[in-house]
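So the structure is just underneath, and the comments pick up after that.
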Amino acid sequence: MRIFVPIDAAARALGADEVASALEAALQDQGVGARIIRNGTRGMIWLEPLVEVERDGIRHGFGPVTPEDVPALVAALAAGGLDHPRALGPVEDLPWMRGQTRLTFARVGVTDPVSMADYQAHGGLAGLRAAIAAGPEGIIGQVMESGLRGRGGAGFPTAIKWKTVAGADGPQKYIICNADEGDSGSFADRMLMEGDPLCLIEGMAIAAIATGATQGYVYIRSEYPDAIRAMTEAIGAARRHGMLGEAMLGSRFGYDMEVRVGAGAYVCGEETSLLNSLEGKRGVVRAKPPLPALQGFLGRPTVVNNVLSLAAVPWIMEHGGAAYGALGIGRSKGTIPIQIAGNVRHGGLYEAAFGMSLGQIVMEIGGGTASGRPVKAVQVGGPLGAYIPPAHFDVPFGYEELAGKDGLLGHAGITVFDDTADALKLARFAMEFCAVESCGKCTPCRIGSIRAVETLDRIAAGDGDAIPILTDLCNTMKWGSLCALGGFAPFPVMSLLTHFPDEFTGPANARKEAAE
Amino acid sequence: MPSTPQDSVFDSDSQDRLDRIIATHAGREGPLLPILHDVQAEWGMIPEEAQPIIAKALGLTRAEVYGVVSFYHDFRDHPAGPHVLRLCRAEACISMGGDELADQICRALGIGWHETTPDGRLTLEPVFCLGLCACAPSAELDGKLIGRADAARISRMVAEVRA
Ligand SMILES: Cc1cc2nc3c(=O)[nH]c(=O)nc-3n(C[C@H](O)[C@H](O)[C@H](O)COP(=O)(O)O)c2cc1C
Ligand code: SF4
Ligand code: FES
């Protein structure tokens, strides 16, 4: 019998390690023979720790499980049953699982993350084999046909970036995976690296073949020690297996990679700042051109892609670009791993084709707020994304569709707020965050954000005349900033001002009463 | 160089330890951040005396090394207490009462952000997202992650480690 207990950081934060220890003890006490496997999370975070028991090839879920639940669970298993107050039935049959199109996250939560054998038993390496057979041009053709766009925020077509690097000359080219995932409300990169790190390695190896790169780095934020550990272990396993190295899987293509750790700077998620950081410099944003594709890491041709962009590629190579491109809407092709977070009943990761409405995601999949109060607004796309109130929940989840509402798809994180949220405070936070994290290169971002915080404090004190000053500052930042940190920080602020104007006007004490 | 109490962590055999760290990473592309991470792991901070030695080894100026150390939030110029509590301050945690939680914890500990308790035992740091946004608010105590954190639970855990 195999029993699965997630090792994902969110599951651990909810007590999965304690449950695993309790299980081990109870199995021994009651003399039940079973192997405990630490898998990734299925993404149903409200059910974590979610324990799964395999019986006749079917995995039965129990959750959320506490250490106190464990002895009775083991007793039930010993008696050959599956009855327990926490029993959920077969995991694959849960509505959350059935409703998804899990392509990138197919193995996450299913396999032992760093087991090469498990990886291959669940379809791993099929994409890399197809890529080796297809060769550089064949790979770029499939990725082009898939319509895959960057999942890191800007939505740039992945194939075009790869083609540029493939066509560039250089003594050495690089594949750099952006795993800086600093956006609040986002955790898909973390979940994938902890739950199926070999998939990311496979995607990077395919990118290397496509472009002629021979060395890669995964730049992981220091706030993710579990992901750093899983990626490092997986790279070791991949090397031992011959998946990485001078002749990948015995082919004529050589590629190797390593993990690099960030040092707590949000701006280092911006690709040129990331390159400076990797080179050991201050994480200051570089002006473009030159494009990183032509002069990136150490001035050499470099692919910089988000975790999810790269991890989508093995599926595309195995099943063909057309199959991926058949999903989605408009220019948003394929699937998007949506992260539902904050004040929400059913928070977690839900991978689906682009095109569901925001309302469907928040109200049906997410089940509304955790508090049971009305939704006030959701912030989509992280700290630089707009707040969208329920009146606009008909917007389809896609790059252009959200941009049409002055919103941002970003990294596809959605943070839900109930009606007790304080619009003015959230606006202040957006600007404070920009001020703390600014790389300092341009004045509108560095100084403008500090002025905006002061202006918001004046507004909070009841000074309505400061509102036009805030609007002006936002415009200056939008147009005068080099990168999207300063350029997009005004969007959450302006969206709050637009949708909740009453909270920015009127006497300060009236506002306070309204909030109470 | 005048020695301040803060710098005294860097003692006579520190030079050897530093040389070993530098040698481990010297051949890598972009070795500075990996070196600084190891230095901080060793001394709990980036000692001022270490900076010119690193600079010399990598062919950089002292100002360049200092510039990097000061740019990143992770690198400390003085050591933290033996225990570190990090509270997430970002949006998803705010939506679940993170601000109120932080206020309660600050009051209970009698310190603010980046400060250490008077007994020198515990340092409080903000963090902007731990990737636990679906089980907010979140915190981390000495590397142990805490989801759906509340003040009572954090206080209990803090009391345990400080005891
Ligand atoms: C302030 C800022 C932070 C960013 N943070 C990230 C990040 O954490 N992860 C990421 O993949 N892209 C981030 N980006 C976008 C990157 O600059 C870049 O567009 C992306 O890594 C390219 O990969 P993709 O084409 O696969 O999306 C950020 C951009 C800005 C301006
Ligand atoms: S907008 Fe801000 S973060 Fe971006 S380059 Fe300018 S100063 Fe740096
Ligand atoms: S916002 Fe607090 S963990 Fe992500």
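Chain letters run A, B, ... following the sequence lines, proteins first and then strands; every chain starts at 1. As the structure is a prediction and not an experimental result, all values here were calculated from the model.
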Review point. Using the benzene-type ring in the case of Trp, are the ring centres of F433(A) and F128(B) under 6.0 Å apart?
Key: yes
Heavy-atom closest pair (D74(B) atom, S222(A) atom, distance to 0.1 Å) is OD2-OG, 2.5 Å
Looking only at E48(A), R282(A), R12(A), the option with the highest number of non-hydrogen pairs under 4.5 Å against chain B is R282(A)
Under 4.0 Å between a Lys/Arg side-chain N and an Asp/Glu carboxylate O for E258(A) and R28(B)?
yes
Whatever's closer than 4.5 Å to a heavy atom in chain B on D183(A) counts as backbone
When the 4.5 angstrom heavy-atom criterion is applied to V127(B) and chain A, the contacting part is side chain
Bottom line for S184(A): the part with an atom under 4.5 Å from chain B's heavy atoms is both
Honestly, the part of R89(B) sitting under 4.5 Å from a heavy atom of chain A is both
Quiz item: If only atom types and distance count, is the side chain of R260(A) paired as donor or acceptor with the main-chain N or O of L33(B) below 3.5 Å?
Solution: no
For residues 151-163 of chain B against chain A, heavy atoms under 4.5 Å, the residues are R153(B)
Looking only at E437(A), K376(A), M191(A), the option with the highest number of non-hydrogen pairs under 4.5 Å against chain B is E437(A)
Of the listed A370(A), G185(A), G15(A), G347(A), the one with the largest count of heavy-atom pairs under 4.5 Å with chain B is G185(A)
Under 4.5 Å to a heavy atom of chain B? For A421(A) that would be neither
task: Please check if the side chain of Y72(B) supplies one atom and the backbone of G283(A) the other of a donor-acceptor pair under 3.5 Å.
output: yes
When rounded to the nearest 0.5 Å, the distance separating SG of C129(B) from CZ of R221(A) is 5.5 Å
Ranking Q339(A), R190(A), E223(A) by heavy-atom pairs under 4.5 Å to chain B gives rank one to R190(A)
The reported gap from SG in C133(B) to CD1 in I414(A) (rounded to nearest 0.5 angstrom) is 12.5 Å
Heavy atoms of A134(B) and F187(A) approach each other most closely as CB-CZ, 3.9 Å
Given L278(A), T369(A), L14(A), the one with more heavy-atom pairs under 4.5 angstrom with chain B than any other is L14(A)
Okay, L426(A) and chain B: the region with an atom under 4.5 Å from a heavy atom over there is side chain
Rounded to the nearest 0.5 angstrom, the CG-CG distance for D99(B) and D422(A) is 9.0 Å
